[in-house]
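Below is one structure; the comments refer to it alone.
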Amino acid sequence: QVQLVESGGGLVQAGGSLRLSCAASGRTFNTYAMGWFRQVPGKEREFVAAISRSGVNTYYADSVKGRFTISRDNAKNTVYLQMNSLKPEDTALYYCAADYSSSYSYISSNYDYWGQGTQVTVSS
């Protein structure tokens, strides 16, 4: 069992930056690939970024490539999402998730555990 708690969301102007954190507890953190997803009301959950167990491999949605950076600190049981050059279309509820089986994945159904989400709102 893994518990995930996101933090760092908030209101920011377009062009600004936010850093999301996801603290994990429970099973050994470095046995999970981690991902960030986002969702707006009325739409399906959307993949944002993923990172392998060691942190060596990362994968991004085209919509955030070059603006967002995923990283992890296995000593602190935490995964991060640095978001720069934010746009109003980045507004969403952001979730972190843990995947025990895959190296890293953009498929939400591959993930075993999810946090409750943190809201990011980007004003124009």
Side-chain angles (χ1 to χ4, degrees):
Q1 192 77 6
V2 174
Q3 293 78 42
L4 303 172
V5 179
E6 302 96 336
S7 61
L11 174 64
V12 64
Q13 288 189 330
S17 298
L18 283 174
R19 187 195 197 200
L20 305 184
S21 299
C22 174
S25 61
R27 293 184 64 172
T28 307
F29 182 64
N30 63 7
T31 63
Y32 289 87
M34 299 296 295
W36 286 96
F37 291 77
R38 65 188 182 186
Q39 190 169 22
V40 298
K43 292 190 176 182
E44 292 188 357
R45 194 166 294 186
E46 176 190 23
F47 169 75
V48 175
I51 190 166
S52 60
R53 296 176 182 87
S54 65
V56 170
N57 299 110
T58 57
Y59 185 68
Y60 297 93
D62 287 343
S63 59
V64 307
K65 203 172 293 183
R67 300 188 298 122
F68 290 11
T69 302
I70 188 171
S71 62
R72 66 190 295 164
D73 185 336
N74 286 344
K76 295 184 178 179
N77 289 358
T78 302
V79 62
Y80 305 97
L81 185 68
Q82 177 66 44
M83 305 186 296
N84 298 329
S85 302
L86 282 161
K87 304 175 182 180
E89 51 263 43
D90 294 317
T91 295
L93 187 62
Y94 282 72
Y95 298 91
C96 73
D99 177 1
Y100 186 69
S101 302
S102 307
S103 299
Y104 54 97
S105 175
Y106 62 90
I107 302 172
S108 61
S109 60
N110 284 352
Y111 287 80
D112 304 290
Y113 301 100
W114 293 82
Q116 293 299 306
T118 185
Q119 179 67 38
V120 171
T121 303
V122 184
S123 63
S124 57

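Just so it is clear, the model here is predicted, and its values are computed rather than measured.
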Non-neighbouring partners of [X] that pass side-chain hydrogen bond (donor to acceptor under 3.5 Å, both in side chains), sequence neighbours left out:
{"X": "Asn30", "value": "none"}
{"X": "Glu89", "value": "none"}
{"X": "Lys65", "value": "Asp62"}
{"X": "Ser108", "value": "none"}

> Does the Gln82 side chain pair with the main chain of Thr69, one donor and one acceptor, at a distance under 3.5 Å?
Replying inline: no
Table please: side-chain donor-acceptor pairs of residues 17-26 below 3.5 Å, with sequence neighbours left out.
unit_1: Ser17; atom_1: OG; unit_2: Asn84; atom_2: OD1; d: 2.9
unit_1: Ser25; atom_1: OG; unit_2: Gln3; atom_2: OE1; d: 3.2

Sequence neighbours excluded, the answer for side-chain contact (heavy atoms from CB on, under 4.5 Å) partners of Asn77 is Phe29
Residues passing the side-chain contact (heavy atoms from CB on, under 4.5 Å) test with Thr121, sequence neighbours excluded, are Leu11, Thr91, Gln119
Residues joined to Val5 in its hydrophobic cluster, side chain to side chain under 4.5 Å directly or through other members, sorted by chain and number, are none
Under a side-chain separation threshold of 4.5 Å, the hydrophobic residues clustered together with Val56 are none
For residues 76-109, the ring pair (Phe, Tyr, Trp, His ring centres under 6.0 Å) pairs (sequence neighbours left out) are Tyr32-Tyr100, Tyr59-Tyr106
The complete set of disulfide bond (SG atoms under 2.5 Å apart) pairs with one or both residues in residues 23-86, sequence neighbours excluded, reads none
By salt bridge (charged side-chain N to carboxylate O under 4.0 Å, His left out), Arg38 pairs with (sequence neighbours left out) Glu46, Asp90
